Amino acid sequence: MVNIEQFIQQKAVEAVEALYGAIDSSTVQIQKTRKEFEGDYTLVVFPLLKLSRKSPEATAGEIGERIASLCPELKGYNVIKGFLNLSLGDGFWAERFGEMLRDESWGHHNASGKSIMVEYSSPNTNKPLHLGHIRNNLLGYSVAEILKANGHRVIKANLVNDRGIHICKSMLAWKMFGGGETPASSGMKGDHLVGKYYVEFDKHYKTQIKELMAAGVGEEEAKRTAPIIVAAQEMLLRWEMKDPEVYSLWETMNGWVYDGFEKTYRAMGVDFDKMYYESQTYLLGKSLVDKGLQQGVFTRRDDGSVWIDLTGDGLDQKLLLRGDGTSVYMTQDLGTALQRFEEFDLDELIYVVGNEQNYHFQVLKLILSKLGYRWADHITHLSYGMVELPEGKMKSREGTVVDADDLIDEMVSTARDMSQELGKLDGCSEDAAAEVSRMVGLGALKYFILKVDPRKTMLFDPRESIDFNGNTGPFIQYTHARIRSVLRKATVSGIAFEGMATSGPVEYVSEEISLIKQLADYPSAVAVAGENFSPAIIAAYAYDLAKMYNGYYHDHSILREERPAVRAMRLELSRKVAAVISSAMKLLGIEVPEKM
RNA sequence: GGUUCCGUAGCUCAGUUGGAUAGAGCAACAGCCUUCUAAGCUGUGGGUCGCGCGUUCGAGCCGCGCCGGAAUCACCA
């Protein structure tokens, strides 16, 4: 497959050089012509005026004439101000169409030889996943899939935060108030059960603080000395000493949470190649502290704590080792980064983590490069904004979080009600109805979240997310289902088309040419999405393609077309559109139904 | 206060390395189901791209300064 833009660029450079002599080819700018003008590609002539010493119009005119003479594929050109719009002939596009029909993996790029790790999800094991995690998981999964499509070897990693005071809080509350309740005995999903006791802890903690303050104790001291928090801290110490009782409770309750997470991950359709557990990695990074001290990058204070001074870089002092010799979050992350680059020979390491940790990653990269690791530049923090609700921000303490499992269930059941109302499920088996509802409900949720630029704080309006009209996942799924239906009918009526599309000369209508152009763009959309780590680019592409096809579909009778060659071409075009929609949606983790 | 990010139609969002008359969807209004799925299609209205200055042939995009919002700046993770 030729790269069309490069092809045009080359012809334009040839033309310009023939007219004005040798030039730097980067001054010849080729871009796609905007929709409202006639043409496929546009040459911006302003940068060439110094060479031509003529008006923009005259320059564009003579370049256009020259390109036309040395490029038979060109159908024509027009000049508007300093813009030379070039139109390629239908024959040229028909050839491109033929090429993409033969290429079943259209849009996927050849192996790059690069290895990339994408870390995402990284939950705490003291409560269930919420809406913020959903954005994280969908982003991480989709970015990983997009990178795969770009030919990279991708390792999806999950670093589970399975230790710390927060876990002990749940454990303690369960011991005190749980009465031996288990997921099996209560019928609750494991992560929800553990989360329930985390909330329970907080309730008692708050009560105790209030009581202490009523007895005249200061707020700070009350927070520090409330019996229940003291007990939790004691439990953490016992965990660190691997006290058998605490340790086995910890294993049991984490096991419940993992079962619960597993179900949520499966429902969301995300997966991982490599699991890390913080209980196994939290001691990493101490050797780097020694290294940094030797290099004079870090300094040790009188109390034994180790610091790095980043004030010269506009940042602050950062602690790397406590006075008692234990490490902090940053130290662990330095260690795990090193471990990963060594273990997997990575070219890139991408962390999908919320923007509240921008500072952390800025510091992480800076420290690694100060330690002399060249790969520090190959760490990317894929930072995403918060998900806000219409009523205001979600806060877990205020109980305004949207639970991931609840949300998924609600989306699926709404999809079902909606389908039923529209009569889409008539004559469907129960299994088929459930399957379509699941795909559509999840498709709506995923698309709604992924179409937004990750960096932006986004508003999640449950009402709007459940709307299946317009720029939504279900609209794209619907287009796919319709095309599949046309193709099924063609097969049933014995209409042959496969392999016939390019068998003879056919006339194209403008919608067909538009579709071919949009299809021809798919590989570059995948490449751009890969460079920018942006599922939103794929979402926009898929929507444009689906919208274009829907317009086409309405204006043309495909199966009723009498001329076999034209009918075959239209069916092949439809088949390819469905294949590309399906492929693009797969990069977003969205399934496409055959019927809906 | 320091650092980073955001500000585009009433609402939710696009807008590729600076290019032409800034685009979709929702909401509103007017049409279109006897023809392959109406979760659809066609049309209308809706904008000082937060404000100002600068860079240049050209700025929503780049630079500087304001205004408004968010995150962060722990011996938490």
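Quick note on labels: first sequence line is chain A, next is B, and so on, each numbered from 1. Just so we're clear, the structure is a prediction, and the values are computed from it rather than from any experiment.
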Pairs: protein N or O with nucleotides 57-63 of chain B N or O, under 3.5 Å:
none

(request) Heavy atoms under 4.0 Å is the rule here; annotate nucleotides 1-8 of chain B 5' to 3' with B where the base is hit, S where only the sugar-phosphate is, and - elsewhere. (result) -SSS-SS-
(message) Heavy atoms only, 4.0 Å cut-off, all strands: where does E278(A) land among base, sugar-phosphate and nothing?
(response) sugar-phosphate
(request) From the options rA77(B), rA14(B), rG23(B), select the nucleotide whose nearest atom is closest to the side chain of R34(A). (result) rG23(B)
(request) Remember a base hit wins even if backbone is also touched, and classify N124(A) as base, sugar-phosphate or nothing at under 4.0 Å, heavy atoms. (result) nothing
In a table with atom names and distances, give each donor-acceptor pair under 3.5 Å that connects a side chain of residues 535-549 of chain A to protein atoms at least two apart or in another chain.
unit_1	atom_1	unit_2	atom_2	d
Y541(A)	OH	Q518(A)	O	2.7
Y549(A)	OH	S574(A)	OG	2.7

(request) Classify every nucleotide of nucleotides 37-43 of chain B by which part a protein heavy atom approaches to under 4.0 Å, writing B for the base, S for the sugar-phosphate alone and - for neither, in 5'-to-3' order. (result) BSBBS--
(message) Using a heavy-atom cut-off of 4.0 Å across all strands, would you classify L559(A) as base, sugar-phosphate, or nothing?
(response) base
(request) Could you say whether the aromatic ring of F83(A) and the base of rA20(B) stack, counting only centre distances under 5.5 Å and plane angles under 30°? (result) yes
(request) Could you tell me which residues satisfy salt bridge (charged side-chain N to carboxylate O under 4.0 Å, His left out) with D461(A), sequence neighbours excluded, listed by chain and number? (result) R463(A)
(message) What's T42(A) touching, base or sugar-phosphate or nothing? Going by heavy atoms closer than 4.0 Å.
(response) base
(message) For RNA chain B, report each stem as range with range, ordered by first number, or say none. Use Watson-Crick or G-U wobble pairs under 3.5 Å, at least 3 in a row.
(response) B:1-7 with B:67-73, B:10-13 with B:23-26, B:28-32 with B:40-44, B:50-54 with B:62-66
